[in-house]
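Right, one structure below, let's go through it.
The chain is numbered in sequence order, starting from 1.
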Amino acid sequence: AVRVVRSLRLLRLLKLQKLIETIMDHIESEYFHVVLGMVRGTFFLLGMNHIIACAWFGVSNSTTIDVDSWIERAFPTGGDFSYMYLTSLHWSLTQ
């Protein structure tokens, strides 16, 4: 059931892309196209950084070696999950 819901979300994204292309065909402002390109680029970078941050956090969190990971060193008492995610996101943005 979860996979079906995820598949439906992907279909919504495809429909949204078609809608955006239709709207873009009707707008003739070059300034708008430039700004929209910048916004799309920004969201792409944020999406890629989210994936990198999650991978960075996941790899560090799943290590079974006796060596402390960065998570254990930075948050010895556990810590708030959102703060750990934001720390991972910060790392991915600065690399």
*Looking at OG1 of Thr94 and CG of Leu89, how far apart are the two atoms once the value is rounded to the nearest 0.5 Å?*
9.5 Å
_Using 0.5 Å steps for rounding, measure from the CG atom of Asn49 to the OG atom of Ser88._
11.5 Å
Side-chain atoms of residues 30-40: list all donor-acceptor pairs with protein atoms under 3.5 Å, sequence neighbours left out, distances to 0.1 Å.
unit_1, atom_1, unit_2, atom_2, d
His33, NE2, Ile27, O, 2.9

*Nearest 0.5 Å please: distance from the CG atom of Leu16 over to the CG atom of Leu11.*
12.5 Å
*Enter the distance from Arg12:CZ to Leu14:CG here, rounded to the nearest 0.5 Å.*
12.0 Å
*Given the rule that I, L, V, M, F, W and Y join up when any side-chain heavy atoms are under 4.5 Å apart, are Phe81 and Ile52 in one cluster?*
yes
*Using distance alone, with no hydrogens and no angle criterion, decide if Tyr85 and His90 have a side-chain donor and acceptor under 3.5 Å apart.*
no
*asked:* Ring-plane angle category for Trp56 and Trp91, please: parallel below 30°, perpendicular beyond 60°, tilted otherwise.
replied: parallel
*Might you work through the side chain to side chain contact (heavy atoms under 4.5 Å, CB included) test for His50 and Cys54, ending with a clear yes or no?*
CA-CA 6 Å; His50 167 73; Cys54 289; 3.4 Å; yes
